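Reviewing the structure listed below.
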Amino acid sequence: MTSTISFLSDFGLQDEFVGVVHGVIAKLAPESRVIDVSHNIPRGDTRAGALAMMRAIQYLPEGVALVVVDPGVGSERKALALETPWGFFVGPDNGVLSPAVALAGGASKIVSIENPEARIPSPGETFHGRDVFAPAAALLASGEASIEELGPELSGDDVTPMLLPLPEVEDGVASGQCWWVDGFGNVETNVGPEELTAVGAKLGDEVSVSIGAKTHRLRWVSSYAEAPEGEVLLHVDSAGLIALAVNRGSAAKELRLAPGVNVKFSS
Amino acid sequence: MTSTISFLSDFGLQDEFVGVVHGVIAKLAPESRVIDVSHNIPRGDTRAGALAMMRAIQYLPEGVALVVVDPGVGSERKALALETPWGFFVGPDNGVLSPAVALAGGASKIVSIENPEARIPSPGETFHGRDVFAPAAALLASGEASIEELGPELSGDDVTPMLLPLPEVEDGVASGQCWWVDGFGNVETNVGPEELTAVGAKLGDEVSVSIGAKTHRLRWVSSYAEAPEGEVLLHVDSAGLIALAVNRGSAAKELRLAPGVNVKFSS
Amino acid sequence: MTSTISFLSDFGLQDEFVGVVHGVIAKLAPESRVIDVSHNIPRGDTRAGALAMMRAIQYLPEGVALVVVDPGVGSERKALALETPWGFFVGPDNGVLSPAVALAGGASKIVSIENPEARIPSPGETFHGRDVFAPAAALLASGEASIEELGPELSGDDVTPMLLPLPEVEDGVASGQCWWVDGFGNVETNVGPEELTAVGAKLGDEVSVSIGAKTHRLRWVSSYAEAPEGEVLLHVDSAGLIALAVNRGSAAKELRLAPGVNVKFSS
């Protein structure tokens with residue numbers, strides 16, 4: 001049986017790139033189902049791609065994850081296929097796969113995709129999504145190739161990690177950063193409810209939230225709907241992290257937040 | 001046999017929300033086909049979502065309609081599943097389902113989705129598309145659950161209606177409003193050709209069209225192509241309603257129209 | 001067995017147009033797989049649509065190509081179905097199909113889709129994607145109709161060609177134009193590496209590139225990654241054509257390029 005391929009990229013939907021990758025997959029693995037996880041990762045933003053895949057992975061059917069955020073295409077960076085308890089991951093060796101692979105149980109086997117028979121000959125070195133990664137994903141999904149057949153094995157030490165900032169709790173302050181602004185303007189931080197609890201806050205409290213030189217007092221509620229429209233609030237979002245949000249509004253606009261901005265919480 | 005799920009939302013395509021819902025469906029109903037009706041409904045605009053679903057429903061294969069435009073997520077608003085002659089409708093109780101349900105023949109059974117076994121446990125209350133509606137749609141599509149198993153039955157009176165403005169004809173004037181501007185700039189009104197006929201206009205005529213303080217004389221033609229490029233015209237659009245359009249141009253830009261603007265027609 | 005339908009349009013993803021076409025196909029050909037090649041072709045830009053389909057066709061599984069960029073919808077322009085060695089092409093008679101049909105081996109049979117039984121009755125003449133082209137594509141994909149059943153046969157001379165500019169080499173200058181700017185800002189020209197070779201340039205050289213009154217000296221490299229970030233470079237792109245690009249940047253922004261701008265190369 002052919003596995004499902006879950007496909008995430010920064011290709012955007014303006015051009016035919018995503019469609020062409022679907023075409024390559026359909027030719028090599030006609031029975032495969034392809035789920036478009038997202039193709040609007042900010043271009044070349046491997047961290048944003050890694051975070052999106054990390055949030056999504058537990059909801060995707062076991063099978064093959066095809067992740068192409070690849071600003072180094074055509075350079076010496078390797079093309080990877082990894083085997084995990086969840087299934088296979090295919091993508092460039094720049095860290096974009098790493099957090100989801102870890103969540104999926106870690107890699108029991110890693111190869112560098114180098115077998116020329118597993119790639120589509122191409123005039124240029126700019127579209128490995130089409131020429132290298134899609135064929136590898138399709139061959140793994142259909143079982144036409146084993147991971148070993150794609151290329152030589154690598155050790156985990158050969159693979160580029162993705163360093164994600166961890167929140168810190170010290171002297172009654174939980175320090176973290178914004179790491180995702182969604183299309184609704186909700187701002188997810190890397191701080192979890194356990195860190196807020198550690199600094200003495202609890203659901204229902206007002207919490208001090210410092211961003212740059214400004215400190216806001218925001219209520220920690222259990223859903224948007226508990227706050228009046230327009231109020232900036234804190235809540236645990238759908239990924240289990242503390243997020244700033246505005247009921248029927250945009251916290252990102254309201255507080256001028258973007259990924260990477262530091263945030264400190266205290267009670 | 002698994003039914004097709006037709007999925008409409010205001011999630012946008014920037015984030016992985018749509019992909020995650022596809023993942024949940026694929027896990028619970030691996031044989032299901034999912035049609036993405038649209039995911040770019042203006043955020044939180046339940047009326048726009050209801051109108052899009054109303055226009056689409058007759059062209060969608062019978063099965064399950066999953067409609068998630070849900071500004072009240074996390075509030076007391078109910079999560080609904082409805083049975084109709086067309087199939088099942090799943091979505092929030094805010095009116096977004098109502099017009100399409102009516103077109104589909106009306107609901108013979110309505111339940112409030114409350115069965116905890118039919119939902120995905122989640123840390124937050126912000127993504128019912130993933131945690132409540134997608135599982136319900138998948139279970140109904142695959143036949144794994146009957147609608148009765150999803151939760152307690154409601155009567156039609158318990159369900160939030162969607163009040164759509166009706167056109168009026170009085171003293172030789174047909175009054176209505178713009179209710180959809182498509183991506184080409186075509187402006188659909190809620191006025192049908194029968195109202196224009198009632199005020200004495202007929203295909204081929206120039207018709208007086210009043211918007212705010214301005215009155216335009218526009219030709220009622222049978223297709224864009226009958227007017228020279230740049231001319232604003234009236235025609236019956238693909239949903240059978242009177243629309244303002246410009247051959248190879250945007251009527252919305254030309255006349256500064258947006259959903260909700262009032263329009264009056266007379267001959 | 002039902003063929004795959006590869007669907008390209010300028011419908012955009014704001015409205016439910018694409019979803020409705022999928023619905024029509026799913027109703028008429030329930031077993032069909034549909035690949036969305038792209039739906040963000042600039043509206044009404046038949047040349048851009050033709051070029052995208054030309055780039056994509058070799059990567060799409062043989063079957064049916066449904067191409068709807070149709071600024072003349074509702075006019076006298078014909079609706080075409082063509083048979084080629086690759087499979088069937090369905091779309092308006094405005095040249096948008098022609099380059100891909102030629103690449104696919106040329107048309108052995110061409111018909112004008114006129115059979116009223118093969119179309120969906122509609123109140124308006126604005127959405128032939130839904131009412132004419134989708135049903136024809138679905139019937140051909142499922143084998144429910146032969147191409148002859150769709151309407152009367154045409155000769156190749158009856159079909160509108162797409163005139164694509166060819167590059168010229170004269171007096172040591174290769175003259176061409178930009179014909180695609182992708183979402184990353186890469187600028188593809190209609191000039192191939194053989195033209196650069198003909199004017200004495202070779203991989204690794206600096207090449208003179210004249211755009212308007214300005215001449216740039218750009219290196220011809222084999223991939224983005226060979227140039228430092230920010231440098232404008234020349235390379236052979238994924239379609240085998242000479243493109244201007246910036247490693248992790250946008251050549252289109254850097255040099256203010258858009259489709260149609262003339263470019264001259266000399267060594």
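Within every chain, numbering begins at 1; the chains are lettered A, B, ... in the order of the sequence lines, protein sequences first and strands thereafter. All values below come from the heavy atoms of this structure, side chains included, with hydrogens, waters and symmetry mates left out. Treat the numbers as computed from the prediction; the structure is a model and nothing was measured.
- The choice from Arg55(A), His235(A), Glu62(A) that makes the most heavy-atom pairs within less than 4.5 Å of chain B is Arg55(A).
- Interatomic distance, CG of Leu60(A) versus NZ of Lys27(B), reported as 7.0 Å (0.5 Å rounding).
- Among the residues in residues 29-53 of chain B, those with a non-hydrogen atom closer than 4.5 angstrom to a non-hydrogen atom of chain A are Ala29(B), Pro30(B), Glu31(B), Ser32(B), Val34(B), Arg43(B).
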Under the side-chain contact (heavy atoms from CB on, under 4.5 Å) rule, what do Tyr59(A) and Val21(B) come out as? Steps first, then yes or no, please.
CA-CA 8 Å; Tyr59(A) 299 100; Val21(B) 167; over 6 Å; no
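- Neither the backbone nor the side chain of Leu8(A) has a heavy atom closer than 4.5 Å to any heavy atom of chain B.
- Qualifying side chain to side chain donor-acceptor pair (under 3.5 Å) partners for Ser146(B), counting only residues two or more places apart in sequence or in other chains: Glu148(B), Glu149(B).
- Atom CD of residue Glu76(B) and atom OG of residue Ser223(A) lie 9.0 Å apart, to the nearest 0.5 angstrom.
- Annotation: maximal heavy-atom pairing with chain B below 4.5 Å, among Ser222(A), Ser238(A), Ala225(A), Gly12(A), occurs at Ser238(A).
- Residue with the most contacts toward chain B among Val236(A), Asp182(A), Asn186(A): Asp182(A) (heavy-atom pairs, distance under 4.5 Å).
- Between Trp180(A) and Phe17(B), the angle of the ring planes lies from 30° to 60°, which puts this pair in the tilted group.
- Interface residue Arg130(B): only side-chain heavy atoms are found under 4.5 Å from chain A.
- Between the side chain of Asp15(B) and the backbone N or O of Gly183(A), at least one donor-acceptor pair lies under 3.5 Å.
- Of the atoms belonging to Val221(A), not a single heavy atom falls under 4.5 Å from chain B.
- Neither the backbone nor the side chain of Leu28(B) comes within contact range of chain A; no heavy atom of the residue lies under 4.5 Å from a heavy atom of that chain.
- Looking only at heavy-atom pairs under 4.5 Å with chain B, the residue among Asp237(A), Asn247(A), Ile57(A), Leu241(A) that has the most is Asp237(A).
- The greatest number of non-hydrogen atom pairs below 4.5 Å with chain A, out of Gly124(B), Ser75(B), Gly72(B), Pro123(B), is found for Pro123(B).
- Contacts of Ala239(A) with chain B are made by backbone atoms alone, with heavy-atom separations under 4.5 Å and no side-chain atom involved.
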